[in-house]
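Since this is a predicted model, take the numbers as computed values, not measurements. Count residues from 1 along the sequence.
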Amino acid sequence: MHRTPFNVDEIFEMAEQIERNGGDFYRRAVDIVTEPEARDFLKRLAVLEVEHEHTFAALRKKIKGAAAESSIDDREDLAVTYLRALVTGTVFDEALWSIEAADTVVAILKKALRAEKDSIAFYIGLREMLRSPDDRETVDEIVREEMRHVAMITVQLAKRIALPVVNE
């Protein structure tokens with residue numbers, strides 16, 4: 001198997017950090033937003049991010065306990081290159097995670113939408129590296145959850161701006 005300087009443990013730490021950032025973002029948004037429905041929605045998203053963080057932590061521990069080299073398959077370094085590009089360019093973009101007291105619910109939801117979409121791209125790249133069908137399925141479930149978040153956020157945005165209405 002091709003050896004790469006990539007460390008699977010670090011990538012899972014990044015996944016956990018994405019979820020921590022998301023949870024922190026939603027909790028800060030709750031402190032700013034005064035509209036009860038929006039606050040409840042943001043609180044729910046914060047809880048979901050914590051659940052995802054725990055899922056990635058458990059998967060990271062499992063893979064770390066196994067031989068990490070045999071847990072991943074990235075012979076051409078495509079996934080590694082892709083994940084590094086995402087991490088350096090979008091997923092950890094500090095501006096994405098910043099919230100100002102003057103931010104509107106719409107501005108917050110738009111940032112959240114971008115963050116959720118960026119995390120999906122990251123997780124799909126991560127999934128491509130995993131050999132174990134069980135590990136891949138775990139990441140697939142998180143991708144589906146993030147897609148649900150995108151749909152939920154889109155519905156909230158549609159209530160506030162002229163977007164086509166989607167089914168909840």
Spell out, yes or no, whether Met152 and Val30 are grouped together once hydrophobic residues are joined by side-chain heavy atoms under 4.5 Å, including indirect joins. yes
Here the salt bridge (charged side-chain N to carboxylate O under 4.0 Å, His left out) pairs for residues 143-156, sequence neighbours left out, are Glu137-Arg144, Glu141-Arg144, Glu141-Arg148, Glu145-Arg148
Within one Ile-Leu-Val-Met-Phe-Trp-Tyr cluster: Val47 and Ile32, side-chain cutoff 4.5 Å: no
In Å, rounded to the nearest 0.5 Å, how long is the span from CG of Asp135 to CG of Asp140? 11.0 Å
Could you grab the distance from atom CD1 of Ile108 to atom CD1 of Ile153, nearest 0.5 Å is fine? 11.5 Å
Quick one: does Tyr123's side chain get under 4.5 Å of Ile18's, heavy atoms only? yes
Rounded to the nearest 0.5 Å, the CD atom of Glu49 sits from the CG atom of Asn21 at a distance of 9.5 Å
Please list all pairs meeting salt bridge (charged side-chain N to carboxylate O under 4.0 Å, His left out) that have one or both residues in residues 32-41, counting only residues at least two apart or in different chains. Glu35-Arg160, Glu37-Lys159
Just jot down the side-chain contact (heavy atoms from CB on, under 4.5 Å) partners of Arg20, sequence neighbours excluded, or say none. Glu13, Glu16, Gln17, Glu53
Pairwise side-chain contact, Asp103 with Arg28, heavy-atom cut-off 4.5 Å (strictly under): no
Is any side-chain heavy atom of Phe41 closer than 4.5 Å to one of Leu45? yes
Going by heavy atoms in the side chains, are Leu42 and Phe25 under 4.5 Å from each other? no
Could you give the distance from NE2 (His149) to CD1 (Ile120), rounded to the nearest 0.5 Å? 9.0 Å
List the atom of Leu126, the atom of Ala15, and the distance in Å for their closest heavy-atom pair. CD2-CB, 4.5 Å
Only counting residues at least two apart or in another chain, list the ones meeting salt bridge (charged side-chain N to carboxylate O under 4.0 Å, His left out) with Arg44. none
For Tyr26, check ring pair (Phe, Tyr, Trp, His ring centres under 6.0 Å) against everything at least two apart and list the hits. none
List the atom of Ala46, the atom of Gly23, and the distance in Å for their closest heavy-atom pair. CB-O, 4.1 Å
Give, for atom NZ of Lys61 and atom CG of Leu59, the distance between the pair rounded to the nearest 0.5 Å. 12.5 Å
For the CD1 atom of Ile142 and the CD atom of Glu19, what is their distance to the nearest 0.5 Å? 6.5 Å
Could you tell me which residues satisfy side-chain contact (heavy atoms from CB on, under 4.5 Å) with Asp31, sequence neighbours excluded, listed by chain and number? none
Take Leu48 and Glu51, measure what side-chain contact (heavy atoms from CB on, under 4.5 Å) needs, and give me the verdict at the end. CA-CA 5 Å; Leu48 293 172; Glu51 290 172 6; 3.6 Å; yes
Treating Ile, Leu, Val, Met, Phe, Trp and Tyr as nodes and any side-chain heavy-atom pair under 4.5 angstrom as an edge, say whether Val143 and Val50 lie in one connected cluster. no
